[in-house]
Amino acid sequence: MSIVKQIQSAVINALSTSYHIPFTEKDFQINQTKPEFEGDYTIVLFSLVKSLKKSPDEIGTELGKTLINNNPHLFTSFNIIKGFLNLVVDDQYWIALLQKNHNDICYGKHALNGKKVMVEYSSPNTNKPLHLGHLRNNFLGWSVAEILKANGFDVLKSCIVNDRGIHICKSMIAWQLFANGATPETAQKKGDHFVGDYYVRFNDEYKKQIAQLKDSGMSEADAEKNAPIMLLTQQMLQDWEAGKPEVMELWKTMNSWVYAGFDITYKKIGSDFDRTYFESNTYLLGKDIVQEGLDKKVFYKKEDGSVWIDLTADGLDEKLVLRKDGTSVYMTQDIGLAKQKYDEYKIDQSIYVIGDEQNYHMKVLKLIAQKLELPYADDIYHLSYGMVELPTGKMKSREGTVVDADDLVDEMINTARHHTEALGKVKDFTSDELVSLYDVIGLGAMKFYLLRVDPKKKMIFNPEESIDFHGFTGPFIQYTFARIKSILRKEKSVGTGTYSGNLLPLEKQVLFVAEQFPNIIADAAKELNPSVIANYLFLLAKTFNSFYSEHSISNAETSDKKELRLQTAVMTSNILQNGMKLLGISVPERM
RNA sequence: GGUUCGGUAGCUCAGCUGGAUAGAGCAUCAGCCUUCUAAGCUGAGGGUCAUUGGUUCGAAUCCAAUCCGGAUCACCA
């Protein structure tokens with residue numbers, strides 16, 4: 001049980017024996033004691049004043065005395081300053097915590113809870129390579145899945161591949177028109193980039209044709225509709241839906257190029273999925289649910305045959321769920337897919353990692369599911385994250401103003417190499433070891449950078465300023481870990497002996513922070529927010545580094561002290577390693 | 001215009017279930033490597049927590065209004 005919980009129940013007990021009034025943990029507040037005061041945890045007394053009808057100092061004195069009498073092994077002393085009761089926790093508490101947990105690889109993890117949750121993330125389009133925005137999505141999705149696992153959930157990672165539709169046909173048409181039969185092999189290009197180039201090419205051509213038509217007197221809207229390349233593309237989409245063999249063939253070929261490229265990127269950044277859905281398989285889903293909705297009178301049919309839902313009573317608009325020609329829209333497909341996920345896996349919760357531009361869509365999706373009284377409706381959760389923008393504004397793949405994922409990854413790994421070479425600490429590494437070290441550091445820096453910010457906030461990425469490797473960064477934490485490992489390599493054995501003396505302030509501070517890890521994991525899961533972990537790991541590493549520079553571990557004052565500090569180092573390294581794993585980041589033994 | 005998210009140091013961000021003098025990192029300046037990895041440590045400067053009003057013993061945090069910025073409100077996905 002965490003120290004805060006122990007203090008809570010100790011306070012509740014003390015209050016009920018002293019005053020015979022039942023309190024709960026919500027009736028008072030426990031904070032960490034500010035560094036300028038003596039103590040570890042502080043009870044704010046003001047909220048008790050009304051119900052006890054005594055002054056804060058009176059309550060504090062009585063409560064402090066009772067707490068120490070009732071819990072002689074937990075508290076050693078207390079002081080009261082301006083309505084705050086500061087409690088000093090017995091050093092032996094922290095030492096016992098250390099002895100019990102320093103070697104526990106699972107420290108901080110929670111027991112299985114029997115709940116099954118699906119995390120859908122990544123969701124690429126097969127007409128262009130992944131970019132910086134996808135990276136944020138992938139790292140978030142992966143990390144949230146890990147955090148949920150650490151909290152005892154049975155997690156399934158899924159991905160919906162957007163492999164059909166007009167945008168896919170655009171790159172296909174451009175390839176037909178301009179490629180002269182080129183392939184990724186002949187062009188020496190990664191498949192997703194190869195196809196993405198034709199998507200850009202399409203838009204260049206399209207713009208040109210629109211301009212020409214406008215010059216010949218056509219309105220902009222008409223020009224957009226009647227540009228020859230657009231007419232070709234629309235024809236191709238119809239041919240695709242009709243299953244025309246040569247179109248299907250081209251579609252399959254070009255998609256396979258893209259998948260080959262994605263595989264490389266996913267492998268590099270460490271994304272994987274337990275279940276991949278393809279929109280070409282799911283886009284017809286949901287139509288039966290539309291009929292069900294009509295029967296239940298949740299939906300209604302307009303005169304032209306299109307089907308709608310009226311959400312104006314919920315403060316939203318009317319929303320189309322089926323076109324007049326009977327084909328399904330995005331919303332219909334998503335309702336269908338939600339059902340399929342539930343039918344397949346009987347999940348207790350379905351988390352969608354999708355950008356905040358789709359907040360409205362997801363809100364409507366959930367609302368429709370609720371109105372249809374689908375059993376999984378309430379378990380749909382949109383993990384909404386902010387867009388990644390450049391200093392110049394939003395990224396647009398059509399205009400080529402994107403930070404490409406592969407380029408960025410390469411750049412980060414290169415920067416890691418430069419830093420490492422400049423420091424010259426790993427000259428004895430083999431070239432294989434060096435390559436994997438650069439990967440670990442470069443990817444670690446990038447993942448940490450994207451995960452350390454609250455997901456729901458949009459973030460600005462400035463490619464001009466290369467990502468820092470100092471301070472609040474992944475490499476800082478990796479470095480702290482490597483430094484500990486360096487000591488542990490030299491000190492062959494870490495005993496399990498006890499230490500009965502007092503702790504120095506920095507020794508205690510490390511244990512004080514380490515104690516919070518299980519709560520941090522729980523908080524991160526509750527908020528579905530990896531930045532909680534990132535901020536915590538930084539605090540722990542920083543605290544440890546202060547301790548490290550102030551006190552020698554190997555040459556501690558006594559052998560007891562040495563053991564205590566070695567155990568502290570081991571516990572810190574375990575938390576750093578496991579915590580970074582929750583962010584999808586590895587830690588190197590040396591760097 | 002409706003809905004919604006945000007506005008905290010020069011920059012990037014924590015803190016937001018109300019508590020003590022608002023914290024980090026970067027950048028700037030000053031120190032610390034013959035002793036466990038200096039990707040580190042110590043210190044200094046830097047703030048009208050967008051504005052105004054309200055609730056409270058106490059507000060960056062809660063409420064209301066206003067200003068600024070983003071997203072969204074398609075028979076696109």
Side-chain angles (χ1 to χ4, degrees), chain A residues 26 29 31 33-34 36-37 42 44-47 49-50 56 81-84 86 123 125 162 164-168 279 283 302 304-308 314-325 327-331 333-334 355-361 363-364 384 386-387 389 393-394 416 419-420 422-423 425-426 441 445 449 452-454 456-462 465 468-480 482-491 531-532 534-535 538-539 541-542 544-556 565-566 569 590-591:
Chain A
K26 283 178 186 151
Q29 203 176 356
N31 299 333
T33 304
K34 298 255 171 190
E36 55 267 35
F37 302 105
T42 296
V44 183
L45 300 165
F46 299 103
S47 56
V49 168
K50 255 187 197 165
I81 297 169
K82 291 198 293 185
F84 296 89
N86 301 320
S123 311
N125 292 321
N162 209 305
R164 64 160 284 280
I166 193 84
H167 51 302
I168 308 297
E279 201 193 295
Y283 82 107
K302 285 195 178 172
D304 65 3
S306 58
V307 181
W308 296 73
D314 298 277
L316 304 175
D317 304 304
E318 289 185 331
K319 187 84 191 170
L320 177 87
V321 293
L322 204 65
R323 293 192 188 98
K324 64 186 171 206
D325 63 6
T327 57
S328 60
V329 291
Y330 183 33
M331 184 60 71
Q333 300 166 31
D334 266 4
D356 60 10
E357 55 194 357
Q358 296 204 37
N359 284 355
Y360 180 75
H361 172 80
K363 196 174 171 182
V364 171
S384 164
M387 296 286 100
E389 291 177 15
K394 216 183 159 187
H419 280 262
T420 308
L423 290 166
K425 292 178 188 175
V426 287
I441 297 173
Y449 181 83
R452 65 178 213 190
V453 183
D454 189 329
K456 67 173 177 289
K457 292 198 174 178
K458 73 167 189 199
M459 58 192 297
I460 294 170
F461 178 84
N462 190 347
E465 303 164 10
D468 215 314
F469 281 41
H470 301 269
F472 185 20
T473 65
F476 173 94
I477 291 162
Q478 292 172 322
Y479 177 72
T480 307
R483 235 168 26 168
I484 294 173
K485 284 295 172 178
S486 171
I487 297 171
L488 297 177
R489 272 192 299 276
K490 287 169 190 156
E491 303 293 338
S531 79
V532 171
N535 279 286
F538 177 61
L539 173 67
K542 205 154 60 94
F544 183 86
N545 283 334
S546 295
F547 156 78
Y548 172 94
S549 62
E550 194 67 26
H551 305 297
S552 176
I553 295 172
S554 297
N555 297 314
R565 290 183 188 165
L566 278 171
R590 290 177 57 194
M591 69 184 276

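The sequence lines fix the lettering, A, B, ..., with proteins before strands; numbering per chain opens at 1. Quantities reported herein were computed from a predicted structural model and do not represent experimental measurements.
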Check your understanding: To the side chain of Lys34(A), which of A77(B), A20(B), U37(B) is closest?
Key -> A20(B)
**Study point:** Straight-line distance of Asn555(A) CG to Arg565(A) CZ, nearest 0.5 Å
**Key:** 10.0 Å
Point to revise | Candidates U37(B), A14(B), A24(B) - which lies nearest the side chain of Val453(A) | key: A14(B)
Exercise for review: State whether the side chain of Ser549(A) and the backbone N or O of Asn545(A) hold a donor-acceptor pair below 3.5 Å, judged by distance alone.
Suggested key: yes
Review point. Taking the six-membered ring where the residue is Trp, are the ring centres of Phe476(A) and Tyr479(A) under 6.0 Å apart?
Key: no
Study note, to complete from the structure: Of the candidates A77(B), C76(B), A20(B), the side chain of Ile166(A) sits closest to C76(B)
Exercise for review: Under 4.0 Å between any heavy atoms, over every strand shown, what does Ile441(A) touch: base, sugar-phosphate, or nothing? Just pick one.
Suggested key: base
Exercise for review: Return yes if some donor-acceptor pair links the side-chain N/O of Ser123(A) with the main-chain N/O of Asn162(A) below 3.5 Å, else return no.
Suggested key: no
Review point. Is the ring centre of Phe476(A) under 5.5 Å from the base ring centre of G40(B), and are the two planes under 30° apart, so that they stack?
Key: no
**Study point:** Separation of atom CE in Met331(A) from atom P in U72(B), rounded to whole Å
**Key:** 15 Å
Check your understanding: In terms of ring plane angle, is the pair Tyr330(A) and His361(A) parallel, tilted or perpendicular, where the classes change at 30° and 60°?
Key -> parallel
Point to revise | Any donor-acceptor N/O pair under 3.5 Å between A38(B) base and Ser549(A) side chain | key: no
Review point. Rounded to the Å, how far apart are Phe472(A) CZ and C13(B) P?
Key: 11 Å
Revision key, fill the gap. Output field dot_bracket for RNA chain B (Watson-Crick or G-U, both distances under 3.5 Å, | for other-strand pairs) contains ((((((((.[[[[.)...(...]]]].(((((.......))))).....[[[[[..)....]]]]])))))))....
Check your understanding: Can you tell me how far C1' of U37(B) sits from CZ of Phe544(A), to the nearest Å?
Key -> 12 Å
Check your understanding: OP1, OP2 of A38(B) versus side-chain N and O of Arg483(A): anything below 4.0 Å?
Key -> yes
Review point. Just by modelled atom types, is the Ser328(A) backbone N or O under 3.5 Å from a matching donor or acceptor in the Arg323(A) side chain?
Key: yes
Practice item. Report, as a single string ordered 5' to 3', how protein heavy atoms within less than 4.0 Å touch nucleotides 2-8 of chain B: B base, S sugar-phosphate only, - not at all. Key: -S--SS-
Review point. Can you name the residues that form a salt bridge (Lys or Arg N to Asp or Glu O under 4.0 Å) with Lys457(A), not counting sequence neighbours?
Key: none
Review point. Rounding to a whole Å, what distance do you find between Ile168(A):CD1 and C76(B):P?
Key: 16 Å
Study note, to complete from the structure: Of the candidates C57(B), G40(B), U37(B), the side chain of Phe46(A) sits closest to C57(B)
Exercise for review: Return no unless some side-chain N or O of Lys50(A) is found under 4.0 Å from OP1 or OP2 of C57(B).
Suggested key: no
Point to revise | Ring-on-base stacking G40(B) with Tyr548(A) (under 5.5 Å, under 30°) | key: no
Practice item. Give the rounded distance in Å between these two atoms: CE of Met459(A) and P of A71(B). Key: 17 Å
Review point. Glu357(A) side chain: which of C36(B), C75(B), A71(B) is closest?
Key: A71(B)
Review point. Taking the side chain as C-beta and beyond, is there a heavy-atom pair between Phe469(A) and Thr420(A) under 4.5 Å?
Key: no
Point to revise | cation_pi(Arg483(A), Tyr548(A)) dist<6.0 Å, angle<=45 | key: yes
Check your understanding: Lys319(A) NZ to C75(B) P: how many Å, rounded?
Key -> 8 Å
Review point. Between atom NZ in Lys542(A) and atom C1' in C41(B), what is the gap in whole Å?
Key: 11 Å
Check your understanding: Per the atom types in the model, does the base of C75(B) pair as donor or acceptor with the side chain of Asp304(A) at under 3.5 Å?
Key -> yes
Practice item. Describe the nucleic acid contact of Asn86(A) in one word from base, sugar-phosphate, nothing, applying a heavy-atom distance below 4.0 Å. Key: base
Exercise for review: Round to the nearest Å and state the distance from His470(A) atom NE2 to U37(B) atom C1'.
Suggested key: 14 Å
Practice item. Look at the aromatic rings of Phe84(A) and Phe46(A) and report parallel, tilted or perpendicular, splitting at 30° and 60°. Key: perpendicular
